[in-house]
Amino acid sequence: MRFQFTKLAGSAIFGLLPLVAQAAPFSAGDLVVERIGNGSGTLTSAAAAVFVDEYTPSGTLVQSIAMPTAVNGSDLRLTDSGSATSDGYLNLSTDGQYLTLTGYDANVGTASVASTSTTGGSATVRVVGRIDASGNVDTTTSLTAYSGNNIRSAITTNGKDIWVAGAGTPGGVTYTTFGSSGAGTSLSTVVTNTRVVEIYGPTAQLYATSGSGSNKGVNAVGTGLPTTSGTSFSLEAASASPYGMFLAQLNPSSSGPDTAYVADDGVGIEKFSLVSGTWVASGVIGSATDAYRGLTGSVTANGVQLYATRQGGTSQGIVSLVDTSGYNATINGTANLIVALGTNEAFRGIDFAPHAVPEPSTLALGAIGLGVALIARRRRSRASV
């Protein structure tokens with residue numbers, strides 16, 4: 001089932017903040033994928049245009065939302081490297097209301113954009129974009145972290161608190177807040193090269209994948225949602241070249257996530273099971289030639305529904321896969337292509353679409369004895385608790 005959270009509606013009114021674009025509202029349950037490039041030219045290390053495409057679960061295109069390529073007031077550009085496979089991973093917030101993605105405040109065509117400096121006269125700051133359930137895009141959040149290297153992904157719990165992954169100076173996982181600028185708070189000086197950040201479990205634990213050093217794989221970052229420097233990294237599931245991940249609780253007796261799926265572009269879609277406190281391998285779907293990188297999923301009555309982006313082989317695009325094996329069993333199912341990748345384009349991260357939280361009824365308000373309340377549903381089907 002989905003985790004549920006409750007908070008007061010008056011805690012934040014994000015609808016009053018400046019926005020740079022507005023699209024149609026997202027539909028709950030749809031998929032969103034980050035697309036690099038518009039098909040007009042070969043993708044290189046230069047900055048390219050970024051789009052967020054919404055698809056139905058069966059692969060029908062609903063809409064494409066373009067990220068800004070020009071500065072508009074306090075809203076910055078958000079472009080990304082055309083060839084940096086570790087860039088371009090988006091995430092749904094834990095309250096289900098926002099998408100976050102990252103990029104560079106650089107013009108399309110800026111050479112070797114991921115190598116640019118975030119300081120000095122020709123500074124290229126890194127940007128965190130936030131898209132709400134109505135399709136409104138905000139790019140007012142910037143970072144001077146990740147200088148000389150890649151910014152890769154970001155996740156938020158509530159649209160305000162944000163955790164970012166990347167490499168450079170400083171690199172690793174950074175904590176920042178919506179609408180802020182500057183370096184943010186670097187959580188660790190030990191693990192400084194990270195890829196995809198996620199939050200899973202009933203206690204809202206922060207995780208990050210890393211493809212370098214001794215922490216290659218899925219790492220638990222501190223305890224819960226750390227916001228201070230000196231945070232520890234604990235390697236959970238070891239993987240050689242991990243990108244996107246999906247964690248779930250499949251064993252009813254578990255107290256948190258006990259199954260991990262990892263998109264490894266050198267192996268395939270890997271499954272791991274937490275058995276007696278140790279993560280053990282539970283099989284692979286695909287191979288290195290598939291170059292799986294983006295990954296998301298949900299727990300359904302039919303098994304674990306996975307969606308992934310496949311950047312290798314002859315059938316590139318978005319695939320759908322259902323693993324019916326259950327806890328601590330070898331992954332099964334067939335990866336079926338549902339969206340084909342266009343020429344001179346790249347799919348990177350994938351997740352579920354944000355959704356608006358319905359207004360509570362008068363009866364419900366009277367029952368809880370509060371003036372105003374919001375009931376927010378935890379993103380995705382994570383597990384049974």
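Computed from a predicted structure; not experimentally measured.
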Hydrophobic clustering (ILVMFWY, side-chain heavy atoms < 4.5 Å, transitive) - are [Y] and [X] grouped together?
| X | Y | value |
| --- | --- | --- |
| Val304 | Tyr327 | yes |
| Tyr55 | Val32 | yes |
| Val108 | Ile65 | no |
| Trp279 | Val218 | yes |
| Met67 | Val71 | no |

Quick check: does any side chain N or O of [X] sit under 3.5 Å from a backbone N or O of [Y], one acting as donor and the other as acceptor?
| X | Y | answer |
| --- | --- | --- |
| Thr156 | Ile162 | no |
| Ser142 | Val125 | no |
| Ser153 | Val197 | yes |
| Asp87 | Ala84 | no |
| Thr56 | Thr60 | yes |
| Thr144 | Thr118 | no |
| Ser188 | Val191 | yes |
| Asp290 | Arg310 | no |
| Tyr292 | Gln311 | no |
| Asp258 | Leu250 | yes |

Residue pair [X] / [Y], side-chain heavy-atom distance below 4.5 Å:
| X | Y | answer |
| --- | --- | --- |
| Asn336 | Leu321 | no |
| Val339 | Phe347 | yes |
| Pro170 | Tyr146 | no |
| Val280 | Phe272 | no |
| Thr140 | Leu76 | no |
| Tyr98 | Asp138 | no |
| Tyr200 | Leu206 | no |
| Leu31 | Ile338 | yes |

Geometric cation-pi criterion, Arg35 with Phe51: 6.0 Å, 45°: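 Ring-cation test returns yes.
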Nearest 0.5 Å please: distance from the [atom1] atom of [X] over to the [atom2] atom of [Y].
| X | Y | atom1 | atom2 | result |
| --- | --- | --- | --- | --- |
| Thr227 | Asp161 | OG1 | CG | 8.0 Å |
| Leu101 | Ile155 | CG | CD1 | 12.5 Å |
| Asp53 | Ser64 | CG | OG | 3.5 Å |
| Asn215 | Leu235 | CG | CG | 5.5 Å |
| Gln205 | Leu225 | CD | CG | 7.5 Å |
| Ile269 | Ser287 | CD1 | OG | 11.0 Å |

Worked verdict on Ser273 versus Ser282 for side chain to side chain donor-acceptor pair (under 3.5 Å): CA-CA 6 Å; Ser273 302; Ser282 296; 2.8 Å; yes
Derivation and outcome, side chain to side chain contact (heavy atoms under 4.5 Å, CB included), residues Thr231 and Val221: CA-CA 7 Å; Thr231 297; Val221 183; 3.9 Å; yes
Reference residue Ile350; test side chain to side chain contact (heavy atoms under 4.5 Å, CB included); the match among Thr296, Asn91, Leu306: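 When Thr296, Asn91, Leu306 are each tested with Ile350, the side chain to side chain contact (heavy atoms under 4.5 Å, CB included) holds only for Thr296.
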Transitive ILVMFWY cluster of Tyr89, excluding itself - 4.5 Å side-chain cut-off: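 Joined to Tyr89, directly or through intermediates: Val196, Tyr243.
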Contact summary for Ile151 and Gly103, nearest pair of heavy atoms: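 Smallest interatomic distance, heavy atoms only, reads CG2-O, 3.4 Å.
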Shortest non-hydrogen contact between Ala154 and Thr100, atoms and distance: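 In this case the closest contact between Ala154 and Thr100 is O-OG1, 2.7 Å.
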Aromatic plane relationship, Phe246 with Tyr261 - under 30° parallel, 30 to 60° tilted, over 60° perpendicular: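 Plane angle under 30°, so parallel.
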Chi angles and distances behind the ring pair (Phe, Tyr, Trp, His ring centres under 6.0 Å) call for Tyr175, Trp163: CA-CA 5 Å; Tyr175 169 75; Trp163 290 263; 5.3 Å; yes
So, applying side chain to side chain donor-acceptor pair (under 3.5 Å) with [X], which one of [options] is it?
| X | options | value |
| --- | --- | --- |
| Arg77 | Thr110, Asn107, Thr139, Thr124 | Asn107 |
| Ser86 | Arg195, Arg348, Arg152, Arg293 | Arg152 |
| Arg126 | Thr102, Asn150, Thr116 | Thr116 |
| Lys271 | Thr259, Asp323, Asn332 | Asp323 |

Side chain to side chain contact (heavy atoms under 4.5 Å, CB included) between Phe233 and Val173, worked out: CA-CA 10 Å; Phe233 275 64; Val173 176; 3.8 Å; yes
Test side chain to side chain contact (heavy atoms under 4.5 Å, CB included) applied to Glu34 and Val50, step by step: CA-CA 7 Å; Glu34 183 166 343; Val50 175; 3.5 Å; yes
For Asn328, side chain to side chain donor-acceptor pair (under 3.5 Å) partners two or more places apart: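 With sequence neighbours excluded, Asn328 shows a side chain to side chain donor-acceptor pair (under 3.5 Å) to no residue whatsoever.
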Thr174 and Thr176: CA distance, side-chain angles, deciding distance, side chain to side chain donor-acceptor pair (under 3.5 Å) verdict: CA-CA 6 Å; Thr174 300; Thr176 190; over 6 Å; no
Stepwise side chain to side chain contact (heavy atoms under 4.5 Å, CB included) test for Val128 and Val164: CA-CA 8 Å; Val128 178; Val164 187; 4.0 Å; yes
Side chain to side chain donor-acceptor pair (under 3.5 Å) between Ser239 and Asp264, worked out: CA-CA 7 Å; Ser239 182; Asp264 186 312; 2.6 Å; yes
Asn193 vs Ser210, side chain to side chain donor-acceptor pair (under 3.5 Å): CA-CA, chis, key distance, verdict: CA-CA 6 Å; Asn193 193 336; Ser210 177; 5.5 Å; no
